[in-house]
Amino acid sequence: MGYYAVIDCDNCYVSCERVFRPDLRRKPVVVLSNNDGCVVARSNEAKQIGVKAGTPYYQLASLFPGQQFAVFSSNYELYADMTARVMSMIRAAAPVCFRYSIDEAFCRLDGMPENLLKTWGETLHKRILRNTGMPVSIGIAPNKTLAKMASHYAKHYRGYRHCCVIDSDEKRVKALKHYPLKEVWGIGRRYAVRLESMGDRTAWDFSCHHADWVRLQFNVSLQRTWMELGGKDCVPDEQMASHKKSICTSRSFSGMITDLTDLSTHVANYASRCAEKLRRQHAMASVVGVFADTNHFRDDLPQYQACGDRRLLTPASATQPIVQTALDILRHIYRPGYHYKRAGVIVMGIQEEEGVQTNFIDFDAERFKKMKRLDEAVDRINRIGGSETVVLATQQYTRPAGQGKAEVFANAIRHDFRSGNPSTRWSDLIELH
DNA sequence: TCTGGGGTCCTAGGACCC
DNA sequence: TCTGGGGTCCTAGGACCC
(Lines give C-alpha, C1' and ligand atoms only; values in the text may rest on other atoms or scores of the structure.)
Protein backbone atom coordinates (compact mmCIF):
# COMPACT_ATOMS: atom_id res chain seq x y z
CA MET A 1 0.00 0.00 0.00
CA GLY A 2 1.28 3.47 -0.86
CA TYR A 3 1.32 6.31 1.63
CA TYR A 4 0.76 10.03 1.35
CA ALA A 5 2.31 12.75 3.45
CA VAL A 6 0.80 16.16 3.91
CA ILE A 7 3.16 18.83 5.16
CA ASP A 8 1.71 22.09 6.28
CA CYS A 9 3.19 25.18 7.85
CA ASP A 10 2.02 26.02 11.36
CA ASN A 11 0.23 29.40 11.43
CA CYS A 12 2.03 30.16 8.20
CA TYR A 13 1.89 33.95 7.96
CA VAL A 14 2.58 34.43 11.65
CA SER A 15 5.55 32.07 11.45
CA CYS A 16 6.92 33.98 8.44
CA GLU A 17 6.81 37.25 10.39
CA ARG A 18 8.33 35.65 13.47
CA VAL A 19 11.36 34.36 11.61
CA PHE A 20 12.56 37.96 11.48
CA ARG A 21 11.09 38.91 14.85
CA PRO A 22 12.22 36.24 17.31
CA ASP A 23 11.20 38.57 20.11
CA LEU A 24 7.59 37.73 19.25
CA ARG A 25 7.87 34.03 20.07
CA ARG A 26 5.33 32.98 22.68
CA LYS A 27 3.48 36.28 22.22
CA PRO A 28 0.03 36.67 20.68
CA VAL A 29 0.50 37.67 17.03
CA VAL A 30 -2.10 38.22 14.32
CA VAL A 31 -1.78 38.91 10.60
CA LEU A 32 -4.50 40.90 8.84
CA SER A 33 -6.04 40.50 5.41
CA ASN A 34 -5.55 43.05 2.66
CA ASN A 35 -6.76 46.47 3.63
CA ASP A 36 -6.16 45.47 7.26
CA GLY A 37 -9.72 44.15 7.16
CA CYS A 38 -9.78 41.05 9.32
CA VAL A 39 -7.60 38.48 11.03
CA VAL A 40 -6.36 35.80 8.63
CA ALA A 41 -3.60 34.21 10.72
CA ARG A 42 -3.16 33.79 14.46
CA SER A 43 -0.34 32.51 16.63
CA ASN A 44 -1.25 29.74 19.07
CA GLU A 45 -1.22 32.33 21.87
CA ALA A 46 -3.78 34.44 19.99
CA LYS A 47 -5.91 31.33 19.41
CA GLN A 48 -5.77 30.52 23.12
CA ILE A 49 -6.96 34.00 24.00
CA GLY A 50 -9.94 33.26 21.76
CA VAL A 51 -9.29 35.28 18.61
CA LYS A 52 -11.29 33.68 15.80
CA ALA A 53 -10.20 33.60 12.17
CA GLY A 54 -12.01 36.30 10.22
CA THR A 55 -12.50 38.64 13.17
CA PRO A 56 -12.68 42.21 11.82
CA TYR A 57 -9.61 44.07 13.02
CA TYR A 58 -11.61 47.01 14.31
CA GLN A 59 -13.40 44.68 16.76
CA LEU A 60 -10.21 43.24 18.23
CA ALA A 61 -9.69 45.91 20.90
CA SER A 62 -13.27 45.77 22.15
CA LEU A 63 -13.43 41.96 22.09
CA PHE A 64 -10.17 41.61 24.05
CA PRO A 65 -9.82 44.73 26.17
CA GLY A 66 -6.40 45.30 27.70
CA GLN A 67 -4.87 42.48 25.65
CA GLN A 68 -1.59 43.16 23.81
CA PHE A 69 -1.23 41.79 20.28
CA ALA A 70 1.54 42.11 17.74
CA VAL A 71 -0.31 43.05 14.55
CA PHE A 72 0.94 42.72 10.98
CA SER A 73 -0.60 43.71 7.66
CA SER A 74 -0.27 40.86 5.18
CA ASN A 75 2.96 40.83 3.21
CA TYR A 76 2.44 38.28 0.46
CA GLU A 77 5.84 38.78 -1.13
CA LEU A 78 7.48 37.70 2.10
CA TYR A 79 5.16 34.70 2.50
CA ALA A 80 5.66 33.59 -1.09
CA ASP A 81 9.40 33.76 -0.68
CA MET A 82 9.50 31.93 2.66
CA THR A 83 7.16 29.17 1.56
CA ALA A 84 9.09 28.69 -1.69
CA ARG A 85 12.09 27.75 0.44
CA VAL A 86 10.00 25.29 2.44
CA MET A 87 8.61 23.75 -0.75
CA SER A 88 12.04 23.25 -2.24
CA MET A 89 13.09 21.34 0.86
CA ILE A 90 9.98 19.17 0.61
CA ARG A 91 10.72 18.44 -3.04
CA ALA A 92 14.23 17.40 -2.13
CA ALA A 93 12.85 14.93 0.40
CA ALA A 94 10.19 13.23 -1.75
CA PRO A 95 10.29 12.41 -5.46
CA VAL A 96 6.61 13.12 -6.14
CA CYS A 97 4.87 16.06 -4.54
CA PHE A 98 2.31 18.71 -5.41
CA ARG A 99 1.91 22.04 -3.82
CA TYR A 100 -1.68 22.32 -2.66
CA SER A 101 -1.75 25.87 -1.32
CA ILE A 102 0.64 28.55 -0.20
CA ASP A 103 1.44 26.67 3.00
CA GLU A 104 0.76 23.04 2.19
CA ALA A 105 2.02 20.18 0.04
CA PHE A 106 1.16 16.54 -0.57
CA CYS A 107 3.86 13.94 -1.24
CA ARG A 108 3.61 10.35 -2.39
CA LEU A 109 5.74 8.01 -0.37
CA ASP A 110 5.32 4.99 -2.63
CA GLY A 111 7.73 2.23 -1.80
CA MET A 112 8.87 3.65 1.51
CA PRO A 113 9.00 0.88 4.15
CA GLU A 114 6.34 1.43 6.81
CA ASN A 115 8.84 1.37 9.65
CA LEU A 116 10.64 4.39 8.15
CA LEU A 117 7.63 6.68 7.69
CA LYS A 118 7.74 8.22 11.13
CA THR A 119 11.50 8.86 11.02
CA TRP A 120 11.19 10.40 7.55
CA GLY A 121 8.59 12.86 8.83
CA GLU A 122 10.43 13.80 12.00
CA THR A 123 13.66 14.33 10.08
CA LEU A 124 11.97 16.51 7.48
CA HIS A 125 10.34 18.62 10.17
CA LYS A 126 13.69 19.22 11.86
CA ARG A 127 15.45 20.02 8.61
CA ILE A 128 12.83 22.56 7.51
CA LEU A 129 12.81 24.24 10.90
CA ARG A 130 16.60 24.46 11.02
CA ASN A 131 17.03 25.76 7.47
CA THR A 132 14.08 28.11 7.14
CA GLY A 133 12.79 28.78 10.65
CA MET A 134 9.35 27.51 9.62
CA PRO A 135 7.58 25.01 11.91
CA VAL A 136 5.58 22.42 9.98
CA SER A 137 3.25 19.56 10.87
CA ILE A 138 3.34 16.30 8.95
CA GLY A 139 0.60 13.70 8.59
CA ILE A 140 1.15 10.36 6.91
CA ALA A 141 -1.62 7.94 5.92
CA PRO A 142 -2.85 5.71 3.07
CA ASN A 143 -4.89 8.53 1.50
CA LYS A 144 -5.05 12.31 1.44
CA THR A 145 -8.08 12.71 3.70
CA LEU A 146 -6.56 10.58 6.45
CA ALA A 147 -3.17 12.26 5.96
CA LYS A 148 -4.85 15.62 6.58
CA MET A 149 -6.40 14.20 9.70
CA ALA A 150 -3.00 12.90 10.85
CA SER A 151 -1.39 16.30 10.31
CA HIS A 152 -4.09 17.81 12.48
CA TYR A 153 -3.14 15.42 15.30
CA ALA A 154 0.55 16.17 14.70
CA LYS A 155 -0.16 19.87 15.08
CA HIS A 156 -2.23 19.59 18.25
CA TYR A 157 -0.51 16.88 20.29
CA ARG A 158 3.12 17.40 21.22
CA GLY A 159 3.61 13.70 21.80
CA TYR A 160 3.66 13.07 18.05
CA ARG A 161 6.76 15.28 17.71
CA HIS A 162 5.28 17.06 14.67
CA CYS A 163 4.62 13.89 12.68
CA CYS A 164 1.63 11.57 13.04
CA VAL A 165 1.33 8.33 11.07
CA ILE A 166 -1.89 6.36 10.51
CA ASP A 167 -0.63 2.99 9.33
CA SER A 168 -3.08 0.47 10.77
CA ASP A 169 -6.82 -0.01 10.98
CA GLU A 170 -6.71 0.36 14.77
CA LYS A 171 -5.09 3.76 14.45
CA ARG A 172 -7.53 4.79 11.73
CA VAL A 173 -10.57 3.93 13.83
CA LYS A 174 -9.14 5.59 16.91
CA ALA A 175 -8.36 8.75 14.93
CA LEU A 176 -11.90 8.85 13.47
CA LYS A 177 -13.53 8.44 16.88
CA HIS A 178 -11.78 11.50 18.28
CA TYR A 179 -12.19 13.68 15.22
CA PRO A 180 -14.92 16.33 15.04
CA LEU A 181 -16.99 16.22 11.87
CA LYS A 182 -16.40 19.75 10.73
CA GLU A 183 -12.64 19.26 10.77
CA VAL A 184 -12.80 16.50 8.15
CA TRP A 185 -11.29 17.55 4.81
CA GLY A 186 -14.30 17.76 2.49
CA ILE A 187 -16.93 18.27 5.20
CA GLY A 188 -17.43 21.96 5.69
CA ARG A 189 -19.56 23.94 8.08
CA ARG A 190 -22.81 23.42 6.17
CA TYR A 191 -22.52 19.68 5.77
CA ALA A 192 -21.39 19.35 9.37
CA VAL A 193 -24.56 21.10 10.54
CA ARG A 194 -26.72 18.84 8.40
CA LEU A 195 -24.94 15.71 9.58
CA GLU A 196 -25.15 16.77 13.21
CA SER A 197 -28.87 17.30 12.85
CA MET A 198 -29.00 13.68 11.69
CA GLY A 199 -27.22 12.58 14.86
CA ASP A 200 -23.56 12.37 13.78
CA ARG A 201 -20.91 13.84 16.02
CA THR A 202 -17.55 12.47 14.95
CA ALA A 203 -15.89 11.36 11.74
CA TRP A 204 -16.48 7.83 12.97
CA ASP A 205 -20.26 8.35 13.18
CA PHE A 206 -20.26 9.57 9.59
CA SER A 207 -18.16 6.67 8.39
CA CYS A 208 -20.71 4.22 9.83
CA HIS A 209 -23.42 5.17 7.34
CA HIS A 210 -24.09 3.15 4.21
CA ALA A 211 -22.46 4.37 0.96
CA ASP A 212 -25.86 4.66 -0.78
CA TRP A 213 -27.26 6.72 2.07
CA VAL A 214 -24.39 9.21 1.69
CA ARG A 215 -24.87 9.41 -2.07
CA LEU A 216 -28.62 9.84 -1.77
CA GLN A 217 -28.56 12.44 1.00
CA PHE A 218 -25.59 14.37 -0.39
CA ASN A 219 -23.46 13.98 -3.51
CA VAL A 220 -20.54 12.18 -5.06
CA SER A 221 -17.97 14.48 -3.44
CA LEU A 222 -19.09 13.60 0.04
CA GLN A 223 -19.31 9.97 -0.89
CA ARG A 224 -15.66 10.09 -1.90
CA THR A 225 -14.74 11.63 1.45
CA TRP A 226 -16.71 8.84 3.12
CA MET A 227 -14.72 6.23 1.19
CA GLU A 228 -11.41 7.81 2.14
CA LEU A 229 -12.37 7.80 5.80
CA GLY A 230 -12.91 4.09 5.34
CA GLY A 231 -9.32 3.74 4.19
CA LYS A 232 -9.63 3.70 0.39
CA ASP A 233 -7.52 6.01 -1.75
CA CYS A 234 -9.81 7.77 -4.21
CA VAL A 235 -9.04 11.50 -4.39
CA PRO A 236 -7.04 11.66 -7.61
CA ASP A 237 -3.68 13.42 -7.70
CA GLU A 238 -4.82 15.49 -10.67
CA GLN A 239 -7.15 17.29 -8.32
CA MET A 240 -4.00 18.82 -6.90
CA ALA A 241 -2.69 19.85 -10.31
CA SER A 242 -1.22 23.31 -10.40
CA HIS A 243 -2.29 24.57 -13.82
CA LYS A 244 -5.24 26.77 -13.10
CA LYS A 245 -8.47 26.99 -15.04
CA SER A 246 -9.09 30.57 -14.01
CA ILE A 247 -7.02 33.30 -12.42
CA CYS A 248 -8.58 36.09 -10.41
CA THR A 249 -7.27 39.29 -8.86
CA SER A 250 -9.63 41.32 -6.71
CA ARG A 251 -9.53 43.69 -3.78
CA SER A 252 -11.75 45.65 -1.47
CA PHE A 253 -11.05 49.36 -1.26
CA SER A 254 -10.28 51.17 1.95
CA GLY A 255 -13.10 53.61 1.23
CA MET A 256 -15.81 53.48 -1.39
CA ILE A 257 -15.58 54.55 -5.03
CA THR A 258 -18.23 56.16 -7.17
CA ASP A 259 -16.20 57.49 -10.05
CA LEU A 260 -15.56 55.47 -13.21
CA THR A 261 -12.05 56.87 -13.63
CA ASP A 262 -11.04 55.81 -10.14
CA LEU A 263 -12.57 52.39 -10.62
CA SER A 264 -10.73 52.04 -13.93
CA THR A 265 -7.38 52.56 -12.23
CA HIS A 266 -8.02 49.65 -9.90
CA VAL A 267 -9.40 47.41 -12.61
CA ALA A 268 -6.38 48.17 -14.81
CA ASN A 269 -4.12 47.05 -11.98
CA TYR A 270 -6.02 43.83 -11.37
CA ALA A 271 -6.03 43.04 -15.08
CA SER A 272 -2.31 43.66 -15.23
CA ARG A 273 -1.73 41.32 -12.27
CA CYS A 274 -3.81 38.62 -13.99
CA ALA A 275 -1.68 38.96 -17.13
CA GLU A 276 1.46 38.65 -15.05
CA LYS A 277 0.15 35.53 -13.30
CA LEU A 278 -0.72 34.04 -16.69
CA ARG A 279 2.80 34.62 -18.01
CA ARG A 280 4.30 33.14 -14.89
CA GLN A 281 2.56 29.85 -15.59
CA HIS A 282 3.26 30.06 -19.33
CA ALA A 283 -0.40 30.23 -20.21
CA MET A 284 -2.84 32.40 -22.14
CA ALA A 285 -6.47 33.25 -21.51
CA SER A 286 -9.30 33.57 -24.01
CA VAL A 287 -11.92 35.21 -21.78
CA VAL A 288 -11.65 38.26 -19.54
CA GLY A 289 -14.23 39.03 -16.87
CA VAL A 290 -14.69 42.05 -14.62
CA PHE A 291 -16.84 42.57 -11.54
CA ALA A 292 -17.49 45.45 -9.16
CA ASP A 293 -19.65 45.22 -6.05
CA THR A 294 -21.15 47.70 -3.64
CA ASN A 295 -20.67 47.24 0.11
CA HIS A 296 -23.11 44.51 1.19
CA PHE A 297 -22.72 45.50 4.85
CA ARG A 298 -24.29 48.86 4.14
CA ASP A 299 -28.04 48.25 4.22
CA ASP A 300 -28.60 51.98 3.93
CA LEU A 301 -27.05 52.22 0.46
CA PRO A 302 -28.39 50.90 -2.86
CA GLN A 303 -26.75 47.62 -3.86
CA TYR A 304 -25.41 46.61 -7.26
CA GLN A 305 -23.23 43.74 -8.45
CA ALA A 306 -21.77 44.66 -11.79
CA CYS A 307 -20.26 41.86 -13.85
CA GLY A 308 -19.50 41.06 -17.43
CA ASP A 309 -17.08 39.14 -19.59
CA ARG A 310 -15.78 39.06 -23.13
CA ARG A 311 -14.03 36.54 -25.33
CA LEU A 312 -10.76 37.67 -26.86
CA LEU A 313 -10.28 37.14 -30.59
CA THR A 314 -6.85 35.75 -29.84
CA PRO A 315 -5.87 34.24 -26.49
CA ALA A 316 -3.49 36.58 -24.68
CA SER A 317 -1.16 36.91 -21.75
CA ALA A 318 0.12 40.36 -22.71
CA THR A 319 -0.72 43.15 -20.31
CA GLN A 320 -1.98 45.61 -22.86
CA PRO A 321 -4.86 43.69 -24.52
CA ILE A 322 -6.04 42.24 -21.22
CA VAL A 323 -6.08 45.63 -19.52
CA GLN A 324 -7.80 47.21 -22.49
CA THR A 325 -10.50 44.53 -22.62
CA ALA A 326 -11.08 44.77 -18.87
CA LEU A 327 -11.50 48.54 -19.05
CA ASP A 328 -13.87 48.15 -21.95
CA ILE A 329 -16.03 45.71 -20.02
CA LEU A 330 -15.97 47.99 -16.98
CA ARG A 331 -17.30 50.89 -19.06
CA HIS A 332 -20.22 48.70 -20.12
CA ILE A 333 -21.19 47.39 -16.70
CA TYR A 334 -20.49 50.54 -14.68
CA ARG A 335 -23.56 52.35 -13.37
CA PRO A 336 -23.21 55.79 -11.82
CA GLY A 337 -24.74 56.56 -8.45
CA TYR A 338 -23.43 53.52 -6.59
CA HIS A 339 -20.72 53.30 -3.94
CA TYR A 340 -18.38 50.52 -5.05
CA LYS A 341 -16.41 48.71 -2.35
CA ARG A 342 -14.72 45.90 -4.23
CA ALA A 343 -13.72 45.03 -7.76
CA GLY A 344 -11.87 42.29 -9.55
CA VAL A 345 -10.68 40.83 -12.82
CA ILE A 346 -10.85 37.16 -13.71
CA VAL A 347 -9.28 35.49 -16.74
CA MET A 348 -10.69 32.20 -17.97
CA GLY A 349 -10.41 29.78 -20.88
CA ILE A 350 -6.78 29.22 -19.97
CA GLN A 351 -4.52 27.27 -22.32
CA GLU A 352 -0.84 26.40 -22.45
CA GLU A 353 1.23 29.06 -24.17
CA GLU A 354 2.44 26.66 -26.85
CA GLY A 355 -0.25 25.41 -29.13
CA VAL A 356 -2.51 28.42 -28.76
CA GLN A 357 -4.59 28.98 -31.86
CA THR A 358 -4.00 32.46 -33.17
CA ASN A 359 -6.88 34.06 -34.96
CA PHE A 360 -5.58 35.46 -38.25
CA ILE A 361 -8.00 38.38 -38.37
CA ASP A 362 -6.64 39.79 -35.16
CA PHE A 363 -3.10 38.53 -35.29
CA ASP A 364 -0.10 40.72 -35.97
CA ALA A 365 3.08 38.72 -35.38
CA GLU A 366 5.41 41.69 -35.15
CA ARG A 367 3.26 43.51 -32.66
CA PHE A 368 2.86 40.30 -30.68
CA LYS A 369 6.64 39.84 -30.41
CA LYS A 370 7.14 43.44 -29.32
CA MET A 371 4.50 43.17 -26.59
CA LYS A 372 6.06 39.93 -25.41
CA ARG A 373 9.51 41.48 -25.09
CA LEU A 374 8.10 44.49 -23.29
CA ASP A 375 6.14 42.35 -20.83
CA GLU A 376 9.16 40.17 -20.14
CA ALA A 377 11.22 43.24 -19.32
CA VAL A 378 8.50 44.67 -17.07
CA ASP A 379 8.07 41.34 -15.26
CA ARG A 380 11.80 41.20 -14.62
CA ILE A 381 11.95 44.72 -13.22
CA ASN A 382 8.90 44.16 -11.05
CA ARG A 383 10.32 40.92 -9.66
CA ILE A 384 13.45 42.72 -8.57
CA GLY A 385 12.03 46.08 -7.57
CA GLY A 386 8.77 44.80 -6.11
CA SER A 387 5.42 44.59 -7.90
CA GLU A 388 4.14 47.77 -9.56
CA THR A 389 7.62 49.29 -9.96
CA VAL A 390 6.74 49.65 -13.64
CA VAL A 391 3.09 49.95 -14.72
CA LEU A 392 0.93 51.16 -17.58
CA ALA A 393 -0.14 54.79 -17.34
CA THR A 394 -3.75 53.72 -16.67
CA GLN A 395 -2.61 51.77 -13.61
CA GLN A 396 -1.26 54.74 -11.69
CA TYR A 397 -2.87 55.49 -8.37
CA THR A 398 -2.46 59.20 -8.95
CA ARG A 399 -4.42 61.73 -10.90
CA PRO A 400 -3.90 65.34 -11.75
CA ALA A 401 -5.04 67.80 -9.12
CA GLY A 402 -5.84 71.48 -9.62
CA GLN A 403 -2.51 72.94 -10.68
CA GLY A 404 -1.22 70.03 -12.66
CA LYS A 405 0.38 68.42 -9.64
CA ALA A 406 -0.28 64.77 -9.01
CA GLU A 407 -2.00 63.81 -5.77
CA VAL A 408 -1.96 60.37 -4.22
CA PHE A 409 -5.13 58.57 -5.09
CA ALA A 410 -7.30 58.41 -1.99
CA ASN A 411 -8.47 54.84 -2.24
CA ALA A 412 -5.26 52.86 -2.33
CA ILE A 413 -5.21 49.63 -0.35
CA ARG A 414 -4.35 50.11 3.30
CA HIS A 415 -1.43 48.30 4.99
CA ASP A 416 -0.74 50.12 8.21
CA PHE A 417 1.31 47.40 9.92
CA ARG A 418 3.39 46.03 7.11
CA SER A 419 6.77 44.43 7.80
CA GLY A 420 9.66 45.03 5.43
CA ASN A 421 10.93 42.47 2.92
CA PRO A 422 13.89 41.04 4.79
CA SER A 423 14.17 37.95 2.64
CA THR A 424 15.53 39.29 -0.65
CA ARG A 425 16.06 36.45 -3.04
CA TRP A 426 19.51 35.68 -4.36
CA SER A 427 18.14 34.62 -7.70
CA ASP A 428 16.74 38.09 -8.23
CA LEU A 429 19.95 39.82 -7.28
CA ILE A 430 21.87 37.67 -9.70
CA GLU A 431 19.59 38.70 -12.55
CA LEU A 432 20.84 42.26 -12.18
CA HIS A 433 24.23 41.48 -13.74
C1' DT B 1 -15.94 54.79 10.43
C1' DC B 2 -13.70 49.95 9.84
C1' DT B 3 -16.01 43.45 8.00
C1' DG B 4 -10.22 39.24 2.68
C1' DG B 5 -8.85 37.02 -1.61
C1' DG B 6 -8.18 33.29 -4.27
C1' DG B 7 -9.54 28.82 -6.27
C1' DT B 8 -12.25 24.00 -7.33
C1' DC B 9 -16.09 20.78 -8.25
C1' DC B 10 -20.98 19.28 -8.57
C1' DT B 11 -25.82 19.82 -9.62
C1' DA B 12 -30.07 21.41 -11.43
C1' DG B 13 -32.39 23.63 -14.86
C1' DG B 14 -32.82 25.96 -19.25
C1' DA B 15 -31.66 26.34 -24.16
C1' DC B 16 -31.09 24.07 -28.12
C1' DC B 17 -30.86 20.35 -31.44
C1' DC B 18 -32.60 16.32 -33.82
C1' DT C 1 -55.60 23.00 -30.48
C1' DC C 2 -52.45 19.54 -30.33
C1' DT C 3 -47.61 19.58 -28.89
C1' DG C 4 -42.46 13.33 -27.29
C1' DG C 5 -38.05 12.01 -25.95
C1' DG C 6 -33.28 12.10 -25.60
C1' DG C 7 -28.74 14.16 -25.75
C1' DT C 8 -25.53 17.98 -25.05
C1' DC C 9 -23.99 22.33 -23.68
C1' DC C 10 -24.07 26.31 -20.80
C1' DT C 11 -24.98 28.85 -16.64
C1' DA C 12 -25.97 29.99 -11.95
C1' DG C 13 -25.76 28.69 -7.47
C1' DG C 14 -24.06 26.22 -3.72
C1' DA C 15 -20.86 23.63 -1.49
C1' DC C 16 -15.97 22.89 -0.44
C1' DC C 17 -10.74 24.14 0.14
C1' DC C 18 -6.79 27.35 1.92
Side-chain angles (χ1 to χ4, degrees), chain A residues 6-13 30-41 52-63 71 73-76 79-80 83 98-106 144-145 148 151-152 181-195 215-225 235-236 238-256 266 270 273-274 277 281 287 289 291 293-301 305 307-309 311 339 341-350 411 413-416:
Chain A
V6 58
I7 296 108
D8 85 294
C9 302
D10 297 344
N11 310 328
C12 183
Y13 299 169
V30 298
V31 177
L32 306 178
S33 64
N34 258 321
N35 237 351
D36 296 339
C38 47
V39 173
V40 289
K52 299 271 178 277
T55 304
Y57 172 59
Y58 74 93
Q59 292 178 357
L60 212 52
S62 54
L63 286 173
V71 177
S73 301
S74 43
N75 183 346
Y76 290 105
Y79 311 149
T83 54
F98 358 78
R99 189 171 186 161
Y100 177 63
S101 72
I102 187 159
D103 68 342
E104 219 175 308
F106 284 99
K144 300 183 185 75
T145 306
K148 290 278 285 184
S151 84
H152 185 270
L181 262 179
K182 65 173 190 306
E183 300 291 338
V184 175
W185 192 49
I187 299 181
R189 216 185 59 233
R190 303 274 183 152
Y191 287 155
V193 167
R194 265 178 73 189
L195 284 164
R215 176 71 189 87
L216 228 61
Q217 294 285 332
F218 296 90
N219 52 44
V220 295
S221 304
L222 215 63
Q223 191 182 26
R224 204 164 53 189
T225 297
V235 173
E238 305 88 74
Q239 200 172 307
M240 315 289 129
S242 63
H243 39 247
K244 303 210 181 334
K245 297 178 175 176
S246 67
I247 288 173
C248 177
T249 305
S250 76
R251 297 280 182 281
S252 295
F253 315 129
S254 58
M256 289 188 283
H266 286 275
Y270 307 152
R273 275 293 294 153
C274 285
K277 290 178 191 173
Q281 69 172 65
V287 178
F291 59 89
D293 300 335
T294 48
N295 187 347
H296 64 276
F297 290 104
R298 290 290 297 268
D299 302 333
D300 55 322
L301 293 174
Q305 278 93 45
C307 69
D309 54 46
R311 186 167 290 276
H339 294 74
K341 179 62 181 168
R342 174 169 178 261
V345 172
I346 179 164
V347 290
M348 298 162 280
I350 293 179
N411 262 302
I413 310 298
R414 191 157 63 205
H415 290 287
D416 289 345

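Quick note on labels: first sequence line is chain A, next is B, and so on, each numbered from 1. When reading the values below, keep in mind they use all heavy atoms of this one structure, side chains included, and skip hydrogens, waters and symmetry mates.
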In whole Å, what is the span from the [atom1] atom of [X] to the [atom2] atom of [N]?
X: A:Asp36; N: B:dG4; atom1: CG; atom2: P; value: 12 Å
X: A:Leu60; N: B:dG4; atom1: CG; atom2: P; value: 15 Å
X: A:Gln59; N: B:dT1; atom1: CD; atom2: C1'; value: 13 Å
X: A:Tyr79; N: B:dG4; atom1: OH; atom2: C1'; value: 13 Å
X: A:Phe291; N: C:dT11; atom1: CZ; atom2: P; value: 18 Å
X: A:Gln217; N: B:dC10; atom1: CD; atom2: C1'; value: 17 Å
X: A:Asp416; N: B:dT1; atom1: CG; atom2: P; value: 18 Å
X: A:His243; N: B:dC9; atom1: NE2; atom2: C1'; value: 15 Å

Heavy-atom side-chain proximity of [X] to [Y] below 4.5 angstrom:
X: A:Val220; Y: A:Arg215; result: yes
X: A:Met256; Y: A:Arg298; result: yes
X: A:Arg194; Y: A:Arg190; result: no
X: A:Asn295; Y: A:Leu301; result: no

- Query: Does A:Ile346 or A:Pro56 map to a spot on DNA chain B nearer the 5' end, using the closest nucleotide for each?
  - Reply: A:Pro56
- Upstream residue (5' side of DNA chain B) when A:Thr249 and A:Tyr58 are each assigned their closest nucleotide: A:Tyr58
Nearest 0.5 Å, what's the [atom1]-[atom2] distance between [X] and [Y]?
X: A:Asn35; Y: A:Arg414; atom1: CG; atom2: CZ; result: 6.5 Å
X: A:Asp8; Y: A:Phe106; atom1: CG; atom2: CZ; result: 9.0 Å
X: A:Lys52; Y: A:Gln59; atom1: NZ; atom2: CD; result: 13.0 Å

- Message: Please classify the nucleic acid contact of A:Ser246 as base, sugar-phosphate, or nothing, using heavy-atom distances under 4.0 Å.
- Response: sugar-phosphate
- Has A:Phe297 got its ring stacked on the base of B:dT3, with centres under 5.5 Å and planes less than 30° apart? yes
- Query: How far, in whole Å, is B:dC17 from C:dG4 if one measures between their C1' atoms?
  - Reply: 14 Å
- What are the two closest non-hydrogen atoms of A:Thr83 and A:Cys12, and how far apart are they?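 Shortest heavy-atom separation between A:Thr83 and A:Cys12 comes out as CG2-SG, 3.7 Å.
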- A:Ser33 side-chain N/O to B:dT3 phosphate OP1/OP2 under 4.0 Å: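 For B:dT3, neither OP1 nor OP2 has a side-chain N or O of A:Ser33 closer than 4.0 Å.
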- Set of side-chain hydrogen bond (donor to acceptor under 3.5 Å, both in side chains) partners for A:Asp103, sequence neighbours left out: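 A:Asp103 satisfies side-chain hydrogen bond (donor to acceptor under 3.5 Å, both in side chains) with A:Ser101 once adjacent residues are dropped.
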- Query: Relative to the ring of A:Tyr79, is the ring of A:Tyr76 parallel (under 30°), tilted (30 to 60°) or perpendicular (over 60°)?
  - Reply: perpendicular
- Could you write out DNA chain B as a dot-bracket string, with dots for unpaired bases, | for bases paired across to another strand, and Watson-Crick or G-U pairs counted at under 3.5 Å? ....||||||||||||||
Closest listed nucleotide, where the reference is the side chain of [X] and the choices are [options]:
X: A:Arg342; options: B:dC10, B:dT8, B:dG5; value: B:dG5
X: A:Ile247; options: B:dG5, B:dC10, B:dG7; value: B:dG7
X: A:Lys341; options: B:dC2, B:dG7, B:dC10; value: B:dC2
X: A:Arg298; options: B:dC10, B:dC2, B:dG4; value: B:dC2
X: A:Lys244; options: B:dT11, B:dG5, B:dG7; value: B:dG7

- Note on the structure: Under a 4.0 Å heavy-atom criterion, the protein footprint on nucleotides 12-18 of chain C, written with B, S and -, is ---SSSS
